[in-house]
Amino acid sequence: MLLETAVVLFFVVPAYSSLSEILQLQSNYCIVALLDSSPHSILSEFFRSFASEFSNNVTENEIRFLQFQPPFIWNDGTELSNDCLTDDVRSTGSCTSEIIVFKRVFTDPKCLFPPPKPEKVSFDAKYADPIYGVDFVNFINRNCGTYFTKEGKINNEGILKNDLETALTASRNTEVTMRDVLREKAPYTSCNVIEVPSPESFLGNFLSISKPVVIKKAAANWPAVEKWSLKFLETIIPMDRKVSVKVAPFGEFEGVENISLWEDFESFEFPELVKKNLPFADLVVVRPAILSMTFHQLVKAIASKEFAKYNASLYLEYSSVKDYLDEMTADVREPRFISEWLSLESSNIWFSDGNTLGKLHFDPFDNILVMVEGEKEVTLFDPFDNSNLYESHIQEANLSFNPRNKTFQRRGLQQFTSVVMSPVDIAKPNLQRFSKFADARPMKCKISKGDALFLPAFWWHEVQSFPSRQNFNLAINFWYEPLYQKVFPCATCPLKFNHAYRHLLQHLF
């Protein structure tokens, strides 16, 4: 019996490994490692026993158990930092064994250059429970992003998580395709419209299933909805407050066009290693020009329509309310139906003359978009088959703008790429080139003053703004760390439950 146990342990936990093995395995597995300074300690015996019972065909797809003997040295000669390497331990010789975790490191597809191969890495967590074995499986699950029992089976939370992820890919928010819309066989499907939900209703019916919804009168208790006229905005912000304002021709922001339209097209040198990995090397994402002005100058320019005379639109977008316009925060309220569950990343202002079009893209955040003035019409596509939207890298280019004569120049090709824009033009899709777009399933949502839109992370959206009777458009949005994440750009990668929110699963049983 002892011999059989020894054989199993040797297979599950190799006799001893070299630290370089971590570098080889870390891109595919979370590594739970024993620094075996005291081979016969209670912790060492516990580690081997646990690994023997825990390891199976399921767990070995995600976790590897390794053990190391002193000295703990990387290939470059440096030591792995741990409690057994401190000067006082060296002098007394009272070193004990430790269990540490190296989290799995995923290849980042946002970088087209091959990443350098590290010679060493830092560990991410150390098991510090003084009573060996207590809560150890939770320690592994928490640090490896897994859902196992101590016997190596999927636990109840893991079963629910898998069911939620499977339901996402199987769900259809609409049966209407772009082919139907373009052939005028069917209109766009409209978003659901509800009154302000309870946190529990919002979690179960919308957030947990990644479903957009319009929430009527979501900002009914916001002073901003009643107070924020152009004249009021001039009075609340100090005269010298600078902001970075985007400016684009004909109100179109971040569209995609042919690279040959740019003046520096022939002279521009793009890294060949990157260029050969671009599926649409003849296209660029057109980033707007940037103007630095005071907030007061922006308000006056919108009120006077000064730039509109030259077919130019100004847009204060992606701008943190707290960082740039903190005086305005007292007039807005974070929605409780989502703040009860998710962690807020930022709150931003979107302020323009109301004649702007934000082209088709996605954001890696769960989003609540609240209209303070004007209207927005949002065309949505789900993220469950991103090959229809041609998710990929697209080279970027920055417009230049001459504020004296109000003219644009196309001479700002860049050596980096966008990873969130679609190359498809919804209004005039090139179905010969982008034939899969005909199978994309669109929805339209319209929000007016006081309404909000829940826009789940990674949903593709194009946003058309409309001015109010006061001739401006203003929205506040709240970006949250998303409930579901995905690798991007990756047209075939599915949404995965965010392990940071594993505590929410108990509310969904």
Side-chain angles (χ1 to χ4, degrees), residues 173 188 190-197 199 202 206-207 210-222 224-225 228 246 251 253-254 315-322 324-325 328-329 331-383 420 442-468 472-484:
N173 290 277
Y188 285 93
S190 297
C191 287
N192 285 31
V193 180
I194 63 171
E195 299 298 318
V196 177
F202 180 73
F206 300 99
L207 180 58
S210 185
K211 182 176 183 178
V213 65
V214 172
I215 300 131
K216 299 296 289 184
K217 299 180 181 178
N221 65 338
W222 284 25
V225 173
W228 286 8
K246 309 291 179 58
F253 288 78
E254 276 102 14
Y315 205 174
L316 182 61
E317 60 173 1
Y318 298 101
S319 298
S320 167
V321 177
K322 189 177 187 305
Y324 291 96
L325 306 166
M328 301 168 75
T329 56
D331 290 341
V332 303
R333 306 282 187 270
E334 185 183 355
R336 180 174 170 269
F337 57 81
I338 191 169
S339 66
E340 189 89 357
W341 310 117
L342 302 188
S343 301
L344 184 67
E345 290 284 337
S346 66
S347 178
N348 306 295
I349 186 171
W350 307 78
F351 177 38
S352 72
D353 62 7
N355 296 299
T356 61
L357 175 65
K359 297 293 283 185
L360 189 59
H361 68 286
F362 66 81
D363 299 305
F365 304 102
D366 281 328
N367 185 5
I368 299 291
L369 177 65
V370 184
M371 284 310 309
V372 175
E373 192 71 32
E375 294 182 328
K376 289 186 186 292
E377 184 176 70
V378 186
T379 305
L380 297 167
F381 299 88
D382 71 48
V420 300
M443 300 174 66
K444 273 195 186 291
C445 308
K446 194 164 188 176
I447 52 175
S448 303
K449 184 171 181 171
D451 298 339
L453 170 66
F454 168 54
L455 181 54
F458 300 103
W459 274 70
W460 296 85
H461 53 285
E462 183 160 297
V463 185
Q464 177 66 65
S465 297
F466 301 96
S468 67
F472 75 100
N473 185 287
L474 196 153
I476 300 291
N477 89 298
F478 300 88
W479 269 337
Y480 296 88
E481 181 178 352
L483 187 64
Y484 293 97

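Remember, it's a predicted structure, so these values are computed and weren't measured experimentally.
Rounding to the nearest 0.5 Å gives a distance of 12.0 Å between CD of E334 and OG1 of T329. Summarising the geometry, atom CZ belonging to F472 is positioned 13.5 Å from atom CG belonging to N355; distances are rounded to the nearest 0.5 Å. Here the CG atom belonging to D331 is positioned 12.0 Å from the CG atom belonging to L325, to the nearest 0.5 angstrom. A distance of 9.0 Å separates CG in D451 from CE in M371, rounded to the nearest 0.5 Å. In this structure, OH in Y315 is found 11.0 Å from CZ in F351, a value given to the nearest 0.5 Å. Here the CG-CD distance, from L357 to E254, works out to 10.5 Å after rounding to the nearest 0.5 Å.
A heavy-atom distance below 4.5 Å is found between the side chains of L207 and L342. Residues V321 and I476 form a side-chain contact, since some pair of their non-hydrogen atoms from C-beta on lies under 4.5 Å apart. Side-chain contact check for D366 versus Y484: every heavy-atom pair is 4.5 Å or farther apart. Annotation: side chain of P212 is in contact with side chain of W459 (closest heavy-atom distance under 4.5 Å). With a 4.5 Å cut-off on side-chain heavy atoms, S352 and W350 do not count as touching. Considering only heavy atoms from C-beta on, D363 stays 4.5 Å or farther from V420 through its side chain. Looking only at side-chain heavy atoms (C-beta outward), K446 and V214 stay at 4.5 Å or farther from each other. With contacts defined as side-chain heavy-atom distances shorter than 4.5 Å, the pair I194/F206 qualifies.
Applying the side-chain contact (heavy atoms from CB on, under 4.5 Å) test to V378 and every residue at least two apart in sequence or in another chain returns L380, L453, H461, V463. Residues passing the ring pair (Phe, Tyr, Trp, His ring centres under 6.0 Å) test with F337, sequence neighbours excluded: F202.
When all heavy atoms of V372 and A224 are compared, the pair lying nearest together is CG1-O, 3.6 Å. Contact record, A457 with P364: CB-C, 4.1 Å, taken as the closest heavy-atom pair. When all heavy atoms of I368 and P335 are compared, the closest pair comes out as CG2-CG, 3.9 Å.
Between the side chain of N367 and the backbone N or O of N477 there is no donor-acceptor pair closer than 3.5 Å. Without hydrogens or angle criteria, N473 side chain to E375 main chain gives a donor-acceptor distance under 3.5 Å. The backbone N or O of S465 lies less than 3.5 Å from no partner atom in the side chain of E377, so there is not a single donor-acceptor pair. Checked by atom type and distance alone, the side chain of T356 never pairs as donor or acceptor with a backbone atom of G354 at under 3.5 Å.
Shown here is Y324, whose OH atom has no more than 12 heavy atoms of other residues, nucleotides or ligands within 6.0 Å.
Ring geometry for F478 against W222 counts as perpendicular: the plane angle is over 60°, on a 0 to 90° scale with 30° as the lower cut.
Under the 6.0 Å distance and 45° angle rule, K246 does not count as a cation-pi partner of Y318.
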Problem - Pair E373-S468, side chain to side chain donor-acceptor pair (under 3.5 Å): steps then yes or no - result: CA-CA 6 Å; E373 192 71 32; S468 67; 3.0 Å; yes
Practice task
Please test S320 against S346 for side chain to side chain donor-acceptor pair (under 3.5 Å), starting from the C-alpha separation and ending with a verdict.
Solution key: CA-CA 7 Å; S320 167; S346 66; over 6 Å; no
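Annotation: salt bridge (charged side-chain N to carboxylate O under 4.0 Å, His left out) contacts involving residues 339-353, sequence neighbours excluded, comprise R336-E340.
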